[in-house]
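Shown next, in structure tokens, is the structure this report addresses.
All ligand and atom numbering here is 1-based and tracks the order in the structure.
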Amino acid sequence: MQLDTNFVRAQFPQNHWRWAFFENAGGAFVPYSVIQRMTEYMTENQVQPGYPAGPSTQAKQRMDAGHHLMAEMIGAAPEEVTVSASTSINAYVLAQALRPLWQAGDEILVSNLNHEANSGPWRRLQEFGLKIVDWPVTADAGLDMAALPALLNERTRLLAFPHVSNITGEINDVPGITQMAHDKGALVCVDGVAAAPHRAVEARKWDVDFYLFSFYKVFGPHLGCLYGKREHLLKARGQYHYFFPEDDLLHKLNPAGPNHESIAALVGISDYFDTLALHHGLEITDKFERTRQLYQLFVEHEELLARRFVDWATDRERVKLIGPATGTRDVRVPTFSLLLDGVQSADAAKQAAEQGVAVGFGHFYAKRLLESIGIADLQNGVLRCSMAHYNTVEEVDKLTAALDTILRK
Ligand SMILES: Cc1ncc(COP(=O)(O)O)c(C=O)c1O
């Protein structure tokens with residue numbers, strides 16, 4: 001069975017398709033269902049939630065529904081899931097919450113492959129006497145697995161690394177690395193932001209301690225999600241008001257709280273996935289299994305797109321692909337970063353836009369990675385072309401034709 005992209009695209013505002021849009025790793029489009037849920041909330045429930053008056057009671061129900069459905073979707077309990085403004089703030093709050101559990105001289109191992117969101121908050125703990133150890137990347141912008149055993153030791157308290165790089169699209173072995181960290185008694189904090197639009201989140205199966213991702217990259221509103229194992233959330237020090245007890249897992253790590261209309265609109269992601277599952281004849285048992293099955297269809301379709309793009313890129317002498325030169329599903333998601341010989345990335349993005357093709361350029365907050373692989377011009381950085389399940393083969397062809405035109409100039 002193949003993903004019916006016509007049906008998929010009919011679920012989104014049609015104006016989007018005027019562009020061949022390839023900046024999906026920055027933020028994905030939201031389907032009508034999400035817009036509808038947000039509008040519904042703002043129309044009917046824009047009051048302080050949780051009081052007996054009807055709209056207020058319903059406001060809380062709608063917010064809770066968003067939270068609960070997203071927890072179910074990733075196979076977690078609601079209290080293991082913190083929905084807050086963004087991944088960056090979730091990582092920051094988490095780092096502050098774990099800090100009091102550690103001693104001066106304890107080590108935190110931080111991968112240079114990370115987006116700064118899963119790097120800076122840990123590095124800041126140096127101010128409190130923690131020792132930050134770099135996990136360097138290989139020359140071809142991958143995790144240096146050979147270096148890892150020597151970097152982990154009995155003083156390592158936490159290892160922070162990405163599931164997928166937002167630059168290279170390469171998939172890392174989350175369960176394997178997690179096991180290695182656990183063998184040394186260290187926790188892991190995995191940044192899944194670049195993975196979650198492309199792979200179903202199965203945090204419990206992977207045995208990760210903390211897993212971060214952002215709903216606005218997963219076809220939802222601008223919110224971030226922190227999954228944490230219950231036992232660690234209980235131990236972490238609350239970062240909200242003093243009167244929230246340490247066993248109030250729903251509040252303790254969420255001092256900003258979620259945006260109300262946005263958390264209510266998360267239901268729309270689940271609506272969208274239900275609609276797709278139904279259309280494709282998938283048997284819906286629970287939201288977790290539905291998501292897993294549906295993502296299999298995404299994976300197959302995205303692999304098609306990725307292979308087509310890689311075939312083009314590897315056939316062009318002046319195109320340097322950062323990361324794995326394959327479209328294979330086991331290796332990567334369809335997020336590509338390029339350097340075009342003789343063309344600055346900012347110019348290339350501008351010229352692509354003139355041809356109706358949206359791509360991004362820059363360092364995408366993975367500055368340490370770009371520096372590590374010798375990209376000095378961080379203003380231009382790389383040209384990033386990132387795909388989602390709603391992209392088509394025709395759009396990939398439009399992208400590569402636009403890039404060919406740019407290279408010919
Ligand atoms: C891999 C990765 N991690 C973290 C983030 C930060 O997410 P947020 O904007 O929710 O803070 C991003 C955002 O682009 C990202 O791509």
Exercise for the section: Check the side chains of Asn166 and His115 for a donor-acceptor pair under 3.5 angstrom, ignoring hydrogens and angles. Expected result: no
Practice task
Show which atoms of ligand 1 fall inside a sub-4.0 Å distance from at least one heavy-atom site of Ser214.
Solution key: 7 (O), 8 (P), 10 (O)
Handout entry: Test: Arg99 cationic atom under 6.0 Å from Phe128 six-membered ring centre, within 45° of axis
Key = yes
Exercise for the section: Could you tell me which atoms of ligand 1, counted from 1 in the order shown, lie closer than 4.0 angstrom to a heavy atom of Ser88? Expected result: 6 (C), 8 (P), 11 (O)
Completion exercise
Of all heavy-atom pairs linking Val201 and Trp206, the shortest is CA-CH2, 3.7 Å
Problem - Donor-acceptor pair between Asp140 and Thr138 side chains, under 3.5 angstrom - result: yes
Problem - Element-labelled atoms of ligand 1 that are located less than 4.0 Å from some non-hydrogen atom of Tyr216 - result: 7 (O), 8 (P), 9 (O), 10 (O), 13 (C)
Practice task
Using the ring of Phe364 (Phe, Tyr or Trp, six-membered ring only), decide whether Arg384 places NZ or CZ under 6.0 Å from its centre and within 45 degrees of its axis.
Solution key: yes
Completion exercise
So the atoms of ligand 1 within less than 4.0 Å of a heavy atom of Ser86 turn out to be 8 (P), 10 (O), 11 (O)
Practice task
May I ask you to check whether over 12 heavy atoms, not counting those of Glu371, lie within 6.0 Å of atom CD?
Solution key: yes
Fill in the blank from the handout: Closest to atom 14 (O) of ligand 1 among protein heavy atoms sits Lys217 NZ, 2.5 Å
Practice task
Please determine if Arg329 and Glu302 form a salt bridge, counting it only when a charged side-chain N lies under 4.0 Å from a carboxylate O.
Solution key: no
Practice task
With heavy atoms only and a cut-off of under 4.0 Å, state how Val193 meets ligand 1: side chain, backbone, both or neither.
Solution key: side chain
Completion exercise
Taking only non-hydrogen atoms of Asn166 and a 4.0 Å limit, the atoms of ligand 1 in range are 1 (C), 16 (O)
Practice task
Do me a favour and list the nearest non-hydrogen protein atom to atom 3 (N) of ligand 1 with residue, atom name and distance?
Solution key: Asp191 OD2, 2.5 Å
Exercise for the section: Please verify whether a non-hydrogen atom of Tyr365 lies at under 4.0 Å from ligand 1. Expected result: no
Problem - Protein contact to atom 15 (C) of ligand 1 [nearest heavy atom, distance to 0.1 Å] - result: His115 CD2, 3.2 Å
Exercise for the section: Check whether any heavy atom of His222 sits under 4.0 Å from an atom of ligand 1. Expected result: no
Problem - Sole candidate of His198, His16, His389 that passes ring pair (Phe, Tyr, Trp, His ring centres under 6.0 Å) when paired with Phe219 - result: His389
